[in-house]
Amino acid sequence: MTHEIPGFTLHNWVQHWNQSLMPGHVQQFRSVGENTFILKIRTQTGNKQLLIALPSTITESTHQWKKLDEQSPIVNATKKIIENLYLTNVQQEGLDRIIYLQGDNANIVIELFGGGNVLVTDKQNKILFVHHAREWKGRTLKMNAEYKPPVGPRPWNELPEKISEAVERDSFQTVGGWMVSRLGVPVTLVEEACTIVKRNQRDDKALTQKDWSALRKYLSTLYEAKHMQYEIVNHAKGTSIVPANNKSEQPMTLEQTFACVEEELIQSQGKPKVNTKTESERQALLVNLERQQGQIKAWEKEA
């Protein structure tokens, strides 16, 4: 099972990884599934690993994953480039679902949309190798081509102050749809954002300058949040990990979210659990989460 991680959620995770993983050295990059990879990073405080499960999931992992006997071509082709790569920064492409792990000699690019992808580029953005080579009109993902990300939502601090510059011609359909597609507002927070500007989600009239100023201020508060809680929401296309709002019944901390996502990936792949210290810590987070959820249900019943 894979979870979609909206760009807004990913922004907060990137902030966390910049503090907890950087600077670091890549110890290992291995396939643990057809489209699943483990990236082990040695940091100043210890060893960490990121689990990349295409098409749409990335999480911290403490599980000991069994490597595939036959590794993916991208692993074999980039071994000399990636192993011992000195990582200095984690960056997101605007509010899009694209992460750059920037190193001294190369970058690792992770795309978490569409079919998902992993690429390795040099410092001039030339693609050295790509997991899934693809080509569309205006965008090419193949060896020796320049890596160009698609146009996606921008973070609030890159948004213009004037509403006339924020709304592109013929791009405004509904208030709610525009917030999601152009501003990267998570679906679960659209209602709250619409309350700020006192508009209905289905309203097809563009925002006024006063509306835009209020919305921009609201987005800045969300964008700069340091200790956000999360929830896993089921929808028609699967599940998404989104920032919890005031109505959330079972909000999770960042660590609980990572542990929950990892547990579902382990179960979906039928991997046996390993009784290690880190595995015990992960299980403790899950137990703590279950207790919190049980307490919430008890309070609801009593009320």
Side-chain angles (χ1 to χ4, degrees), residues 1-7 9-10 12-14 16-17 20-21 26-41 47-72 74-75 90 97-99 101 108-119 131-132 186 228-244 250-290 292-293:
M1 175 184 293
T2 56
H3 300 74
E4 179 184 284
I5 306 173
T9 301
L10 199 59
N12 287 275
W13 292 14
V14 166
H16 165 73
W17 287 327
S20 64
L21 300 181
V26 176
Q27 286 185 304
Q28 203 175 72
F29 176 56
R30 292 290 185 270
S31 301
V32 295
E34 183 179 354
N35 288 300
T36 309
F37 304 89
I38 279 288
L39 186 67
K40 293 185 178 181
I41 302 172
N47 296 330
K48 300 281 187 178
Q49 58 181 12
L50 294 179
L51 175 64
I52 305 162
L54 301 179
S56 57
T57 304
I58 186 171
T59 186
E60 285 189 23
S61 175
T62 59
H63 184 72
Q64 290 186 0
W65 295 83
K66 182 180 178 181
K67 305 176 186 65
L68 293 183
D69 293 333
E70 186 174 342
Q71 289 290 296
S72 298
I74 189 172
V75 172
V90 186
R97 289 171 289 170
I98 301 174
I99 296 179
L101 296 172
I108 302 170
V109 184
I110 304 166
E111 295 188 345
L112 299 173
F113 58 89
N117 220 333
V118 177
L119 308 93
H131 181 48
H132 292 305
M228 187 171 285
Q229 290 186 308
Y230 306 90
E231 61 180 337
I232 298 178
V233 177
N234 297 316
H235 50 81
K237 296 183 179 180
T239 59
S240 293
I241 302 169
V242 296
Q250 300 174 349
M252 296 183 290
T253 65
L254 183 62
E255 291 74 16
Q256 288 172 334
T257 306
F258 287 154
C260 188
V261 172
E262 181 188 43
E263 178 70 14
E264 292 196 20
L265 286 168
I266 291 172
Q267 297 301 324
S268 67
Q269 296 197 17
K271 303 291 185 182
K273 296 178 182 178
V274 180
N275 187 20
T276 63
K277 178 182 178 180
T278 51
E279 181 74 19
S280 298
E281 291 172 351
R282 186 177 63 81
Q283 288 297 321
L285 284 169
L286 290 172
V287 169
N288 187 36
L289 175 60
E290 290 176 0
Q292 289 180 5
Q293 293 173 342

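Looking at N117, its side chain does come within 3.5 Å of a backbone N or O of H132 through a donor-acceptor pair. Judged purely by atom type and a 3.5 angstrom limit, S20 uses its side chain to pair as donor or acceptor with the backbone of H16. Of the possible polar contacts, one joining the T57 side chain to the H3 backbone as a donor-acceptor pair under 3.5 Å is found.
L10 is listed as a side-chain neighbour of I58, based on a closest heavy-atom distance under 4.5 Å. Annotation: side chain of T62 is not in contact with side chain of F258 (no heavy-atom distance under 4.5 Å). At a threshold of 4.5 Å between non-hydrogen side-chain atoms, the residues V118 and V109 do not count as touching. Two residues are said to be in side-chain contact when any heavy atoms from C-beta on lie closer than 4.5 Å; T253 and Y230 fail this criterion.
E60 is linked by a salt bridge (Lys or Arg N to Asp or Glu O under 4.0 Å) to nothing, counting only residues two or more places apart in sequence or in another chain. Listed by chain and residue number, F29, H131 satisfy the ring-ring contact (aromatic ring centres under 6.0 Å, His included) test with F37 (two or more places apart in sequence, or in another chain). For K40, the side chain to side chain contact (heavy atoms under 4.5 Å, CB included) partners are Q27, Q28, I38, Q49, K67, not counting sequence neighbours. Remark: V233 engages T188, E231, V242 in a side chain to side chain contact (heavy atoms under 4.5 Å, CB included) (not counting sequence neighbours). Under the side chain to side chain donor-acceptor pair (under 3.5 Å) criterion, S56 pairs with no residue, sequence neighbours left out. Applying the side chain to side chain donor-acceptor pair (under 3.5 Å) criterion to S31, with sequence neighbours excluded, gives S72.
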Inset, instruction - Starting from the C-alpha separation in whole Å, work towards a yes-or-no answer on side-chain contact (heavy atoms from CB on, under 4.5 Å) for L101 and L39. - result: CA-CA 11 Å; L101 296 172; L39 186 67; 3.3 Å; yes
Legend entry - Check against side-chain contact (heavy atoms from CB on, under 4.5 Å), I241 and T257: CA-CA 8 Å; I241 302 169; T257 306; 3.7 Å; yes
Legend entry - Worked check of side-chain contact (heavy atoms from CB on, under 4.5 Å) between L50 and L21: CA-CA 10 Å; L50 294 179; L21 300 181; 4.0 Å; yes
Inset, instruction - Before giving the answer on side-chain contact (heavy atoms from CB on, under 4.5 Å), spell out for I52 and T36 the whole-Å C-alpha distance, their side-chain angles and the decisive distance to 0.1 Å. - result: CA-CA 6 Å; I52 305 162; T36 309; over 6 Å; no
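Residues P243 and M228 share a closest heavy-atom pair of CB-SD, 3.2 Å. Among all heavy-atom pairs drawn from L54 and G115, the shortest one is CB-O, 4.3 Å.
Here CD1 of I232 is found 13.0 Å from CD of E4. Values are rounded to the nearest 0.5 Å. Rounded to the nearest 0.5 angstrom, E263 CD and T59 OG1 are separated by 12.0 Å. Residue E111 holds its CD atom at 10.5 Å from CZ of R97, rounded to the nearest 0.5 Å.
Side-chain atoms of W65 and S61 form a donor-acceptor pair, as typed in the model, at a separation below 3.5 Å.
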